[in-house]
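Values in this document were obtained by computation on a predicted structure and should not be read as measured data. Heavy atoms only: backbone and side chains are in, while hydrogens, waters and symmetry mates are out.
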Amino acid sequence: MKTIKILSVFGTRPEAVKMAPLAAELSRRSETENTVCVTAQHRQMLDGVLKQFGISADHDLDIMEPGQTLCKITTKILDGLGDVIKKTRPDLVLVHGDTTTAFTSALAAFYEQIPVGHVEAGLRTGNRYSPYPEEMNRSLLGRLADYHFAPTAKNAANLRREGIEKGIFVTGNTVIDAMKYTTGKNISYSRDDLRTVNFKSRRVITLTCHRRENYGKPMENIFGAIRDLVTTFDDIEVVYPVHMNPAVRGPASAMLGGIPRIHLTEPLEVTDMHKLMSESFMVMTDSGGLQEEAPALGKPVIVLRTETERPEAVAAGTAVVAGVRREDITRIAGILLTDAGEYDKMAKAVNPYGDGRASERIADCILYGFGLCDRMPAEFSI
């Protein structure tokens, strides 16, 4: 029987979290030989995830440097991964999501005429600059990929609207698979600062904010709204794991540092982050992944962006898009903090992103695509 040689490439923490269960699934299959290459687009945050999931990188491009630009990331990955592909000659290159690592890796594979599988395909906002550069990365990946592993039927429909007809599989999102490894009653915090948060008598809000399109005034508005909420509600605490980027750290420290009941922490390992969300009242975020993860934990999500590529969460009632105006964010958060009925509607809505079997479906789809399985796997549906 033919063994399919797969090269899985990722470089950021979110990619690693979502690719880890798939890498584990492919390693279990006798028909697949999975090799892992990391670009280390995010060095520090990536390494923690690799350690937690027990993943060893077979190839490490180690591209990260202070003040790196998108152009520099792109060219370094093209050069480095091109060499890895020439050495390993995989049958398939797997990439994830919408990062510069994902797009550039797919381009490198295309240059070597190697098929590309895109995990988490078909997400769209319709605005090429929001999120930036992720939306354009996704669109370009849609043209480069041969296999499109779409989390939801809506994602698959987005691809078909763009004229892509072949190789589309609806699988669910692998992040729900990952949460089987990272959540549970017996998991405790690894960080002392999280143990000081008053989860028993206060309502804790998990905050993340790091998107490029939110730099400047939008981020100031978001931080201003957080200050308003802490001033208005004396029973809330905010935990904000601050991104490593200086463009985020500076404003966060200036506007939120030293304020009682606001905890600015270093970036969290994935198990700490999932436990934090599970014990929180709600999540406020401009992240994409947290819009999928928090509903799986029964937590309402306030999206701190003007649009989302995850409209399924909004349609299902698990998330609400607040935008980036200070008064809008304060008002929407205030509703959830004062109206138990509205809160319960969001907390109890059905998560539309998966059932924990996405990695299994993707592996089956790969076997089907390479002719090692004669029946197309059943698609994920809510």
How long is the span from the CG atom in Leu207 to the CD1 atom in Ile262, to the nearest 0.5 Å? 8.5 Å

Is any NZ, NE, NH1 or NH2 atom of the basic residue among Glu360 and Arg28 found under 4.0 Å from an Asp or Glu carboxylate oxygen of the other? no

Is the closest side-chain heavy-atom distance between Lys200 and Glu279 below 4.5 Å? no

Do Arg128 and Ser139 have side-chain heavy atoms sitting under 4.5 Å apart? no

Verify the distance criterion only: is there a donor paired with an acceptor across the side chains of Thr231 and Asp228 at less than 3.5 Å? no

Side-chain touch Pro14/Thr12, heavy atoms, less than 4.5 angstrom: yes

Are the charged groups of Glu134 and Arg211 less than 4.0 angstrom apart, N to O? yes

Name of the residue among Ile362, Leu22, Asn155 meeting side chain to side chain contact (heavy atoms under 4.5 Å, CB included) with Thr171: Ile362

Quick one: OG1 on Thr88 to CG on Leu81, what's the gap to the nearest 0.5 Å? 8.0 Å

For Gln41 and Thr100, does a side-chain donor sit closer than 3.5 Å to a side-chain acceptor? no

Does the side chain of Asn127 pick up a donor-acceptor pair with the side chain of Glu135 at under 3.5 Å? no

Nearest-0.5 Å distance that lies between atom CG in Leu141 and atom CG in Asp98: 8.5 Å

Electrostatic pair Glu162-Arg143, nearest N-O below 4.0 angstrom: no

So Val314 and Gln291, do their side chains get closer than 4.5 Å, heavy atoms only? no

Within this structure, what is the CG-OG1 distance for the pair Leu276 and Thr271, rounded to the nearest 0.5 Å? 11.0 Å

On the ring face of Phe370, is Lys2 found with NZ or CZ under 6.0 Å from the centre and within 45° of the axis? no

Would you find a donor on one side and an acceptor on the other, under 3.5 Å apart, between the side chain of Asn158 and the backbone of Leu123? no

Mind checking whether Phe169 and Tyr368 have parallel, tilted or perpendicular rings, split at 30° and 60°? perpendicular

When you check the gap from the basic side-chain N to the acidic O, do Asp60 and Arg43 get nearer than 4.0 Å? yes

Using distance alone, with no hydrogens and no angle criterion, decide if Ser359 and Asp177 have a side-chain donor and acceptor under 3.5 Å apart. yes

Short N-O contact, Arg89 and Glu112, less than 4.0 angstrom: yes

For the residue pair His274 and Thr182, confirm or rule out a side-chain donor-acceptor distance under 3.5 Å. yes

Within 6.0 Å of NZ in Lys180, more than 12 heavy atoms from elsewhere: yes

NZ/NE/NH1/NH2 to OD/OE distance under 4.0 Å, Asp355 and Arg361: yes

Residues Arg325 and Glu327 bridged, charged N to O under 4.0 Å: yes

Any Tyr240 side-chain heavy atom under 4.5 Å of Val248 side chain: yes

Is Lys51 salt-bridged to Glu269, going by a charged N under 4.0 Å from an acidic O? no

Return yes if a side-chain donor-acceptor contact under 3.5 Å exists between Ser130 and Glu307, otherwise no. yes

Between Thr196 and Asp193, is there a side-chain donor-acceptor contact under 3.5 Å, judged purely by atom types and distance? no

Roughly how far, to the nearest 0.5 Å, is the SG atom of Cys209 from the CG atom of Asp286? 4.5 Å

Can you list the residues that meet the salt bridge (charged side-chain N to carboxylate O under 4.0 Å, His left out) rule with Glu33, with sequence neighbours excluded? none

Between Asp328 and Arg331, is there a side-chain heavy-atom distance shorter than 4.5 Å? yes

Could you check whether any side-chain heavy atom of Met273 comes within less than 4.5 Å of a side-chain heavy atom of Leu290, counting everything from C-beta outward? yes

In the structure I gave you, are the side-chain heavy atoms of Glu309 and Arg138 within less than 4.5 Å of one another anywhere? yes

Heavy-atom pair with the smallest gap, counting every atom of Ala313 and Tyr353: N-OH, 3.1 Å

What I want to find out is whether Asp272 reaches Arg191 closely enough, with some N-O distance under 4.0 Å, to be called a salt bridge. no

Would a distance-only check, ignoring hydrogens and angles, find a side-chain to backbone donor-acceptor pair under 3.5 Å from Arg203 to Leu337? yes

Can you label the angle between the Tyr147 ring and the Phe149 ring as parallel, tilted or perpendicular, going by 30° and 60°? parallel

If the threshold is 4.0 Å, N to carboxylate O, is there a salt bridge linking Lys76 and Asp62? no

Nearest heavy-atom approach of Gly356 to Ile176 is N-CG2, 3.7 Å

When rounded to the nearest 0.5 angstrom, what distance separates NZ in Lys87 from OG1 in Thr35? 13.0 Å

Does any donor atom in the side chain of Thr101 or Thr39 lie under 3.5 Å from an acceptor atom in the other side chain? yes

